Each structure stands twice: as C-alpha cells, then as structure tokens.
Student: 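Right, I'll just put the structure down here and ask away after.
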Amino acid sequence: MNTYAKYNQSAEDYLESILTLSKENAVVHRIDIAKRMEVSQAAVNKAMKLLTEKGYIYEDGKHLYLTEQGERYAQAVYEKHCIIRQYL
C-alpha cells in the first residue's frame with residue numbers, strides 16, 4: 001500500500017468518526033475521536049490539522065465540525081462502509 005492510500009484511508013476513518021460522533025452528540029471534541037478510534041490525541045491533532053488544510057473540517061474553539069465538502073465525503077465513506085458490512 002502506498003503512502004497516499006494509507007493517508008486517504010486514515011482521513012476517511014477520521015471523517016467517518018466525526019460524522020458518526022456528530023450524529024450522537026451536539027458537539028465533537030478531539031478526545032471523543034481519540035477514544036472512538038483508539039488512537040493518541042497527538043495522532044488526532046495531526047489528522048485534524050491535515051483535514052483542516054484540505055477543507056474538510058473547521059474548528060470553533062474546542063469543537064470540530066465538518067464543512068459541506070467534508071460532510072459529503074464523510075457520508076460517502078459511511079455509506080460505502082455500510083454496504084461492505086452488509087455483504088460481510
């Protein structure tokens with residue numbers, strides 16, 4: 001697997017986590033993502049920086065939100081994963 005594919009998969013996992021957490025809670029915090037994905041807060045911080053640079057998320061203080069572009073991407077990933085789970 002090349003580096004781009006690894007990054008892309010990781011970004012998709014973070015976006016999907018933000019999407020599902022936002023459906024469960026009014027706000028999403030970095031610690032929520034770290035717990036959900038079982039990763040360190042440093043890993044979440046790095047990923048959030050990259051996702052912000054790509055225009056997929058934005059922050060309002062301590063809260064994370066998907067941009068319109070990020071929500072579309074996260075929803076597509078979520079639907080793809082749901083379809084895969086149905087076949088397994």
Side-chain angles (χ1 to χ4, degrees):
M1 180 180 287
N2 65 35
T3 304
Y4 177 76
K6 283 184 185 178
Y7 165 76
N8 209 32
Q9 179 63 47
S10 177
E12 288 181 355
D13 292 342
Y14 280 104
L15 288 171
E16 184 178 18
S17 289
I18 295 168
L19 178 69
T20 56
L21 284 165
S22 68
K23 290 180 179 183
E24 297 169 6
N25 305 305
V27 295
V28 177
H29 298 98
R30 290 172 186 248
I31 189 70
D32 300 328
I33 298 166
K35 288 178 182 177
R36 162 83 42 107
M37 296 183 68
E38 298 179 349
V39 297
S40 70
Q41 283 206 254
V44 173
N45 291 339
K46 183 177 178 181
M48 296 307 103
K49 183 177 186 277
L50 292 171
L51 291 173
T52 299
E53 290 171 359
K54 295 285 187 184
Y56 294 132
I57 67 166
Y58 67 94
E59 292 187 71
D60 175 15
K62 296 180 181 180
H63 308 124
L64 299 168
Y65 302 95
L66 293 168
T67 62
E68 286 183 36
Q69 177 186 5
E71 187 158 358
R72 283 193 305 270
Y73 190 8
Q75 192 63 43
V77 170
Y78 178 76
E79 290 171 7
K80 177 178 73 173
H81 288 168
C82 286
I83 290 169
I84 291 169
R85 279 188 217 95
Q86 285 178 344
Y87 286 105
L88 299 178

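Numbers here simply count residues along the sequence, with the first being 1. These numbers were taken from a predicted model, which means no experiment stands behind them. The analysis underlying the following values was restricted to heavy atoms, covering all of them including side chains, and did not include hydrogens, waters or symmetry mates.
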Student: Quick one: do Gln41 and Asn45 satisfy side-chain hydrogen bond (donor to acceptor under 3.5 Å, both in side chains)? Show the steps, please.
Tutor: CA-CA 6 Å; Gln41 283 206 254; Asn45 291 339; 5.2 Å; no

Student: Using a strict 4.0 Å threshold on nitrogen-to-oxygen distance, state whether Glu16 and Arg36 make a salt bridge.
Tutor: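 Arg36 and Glu16: not salt-bridged.
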
Student: Would you kindly check if the NZ (Lys) or CZ (Arg) of Lys23 is within the cone defined by 45 degrees around the ring axis of Tyr78 and under 6.0 Å from the six-membered ring centre?
Tutor: yes

Student: What distance separates Met48 CE from Glu59 CD, expressed to the nearest 0.5 Å?
Tutor: 8.5 Å

Student: Can you confirm whether Glu53 is buried at CD, in the sense that more than 12 heavy atoms of other residues, nucleotides or ligands lie under 6.0 Å from that atom?
Tutor: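 Atom CD in Glu53 is packed in, count exceeds 12.
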
Student: So, does Thr67 use its side chain to make a donor-acceptor pair with the main chain of Tyr56 at under 3.5 Å?
Tutor: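 At least one qualifying donor-acceptor pair exists.
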
Student: Could you report the tightest heavy-atom contact between Tyr14 and Ala47, atom names first, then the distance?
Tutor: CE1-CB, 3.5 Å

Student: Checking Ser17 side chain against Ile33 main chain: does a donor-acceptor pair fall under 3.5 Å?
Tutor: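 No; judged by distance alone, with no hydrogens or angles, the pair does not exist.
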
Student: Under the side chain to side chain contact (heavy atoms under 4.5 Å, CB included) criterion, do Ile18 and Ile57 qualify, and how do the steps go?
Tutor: CA-CA 9 Å; Ile18 295 168; Ile57 67 166; 3.9 Å; yes

Student: Not counting sequence neighbours, which residues clear side-chain contact (heavy atoms from CB on, under 4.5 Å) with His29? List them please.
Tutor: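 Applying side-chain contact (heavy atoms from CB on, under 4.5 Å) to His29 gives Val27, Ile31, Asp32, Lys62, His63.
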
Student: Tell me the closest heavy-atom pair linking Ala74 and Leu15, and the distance in Å.
Tutor: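 Where Ala74 meets Leu15 most closely, the heavy atoms are CB-O, 3.6 Å.
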
Student: Between Ala11 and Leu51, what is the shortest heavy-atom contact and its length?
Tutor: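 Of all heavy-atom pairs spanning Ala11 and Leu51, the closest is CB-CD2, 3.9 Å.
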
Student: Within this structure, what is the CE-OG distance for the pair Met37 and Ser10, rounded to the nearest 0.5 Å?
Tutor: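 Reported to 0.5 Å precision, the distance equals 6.0 Å.
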
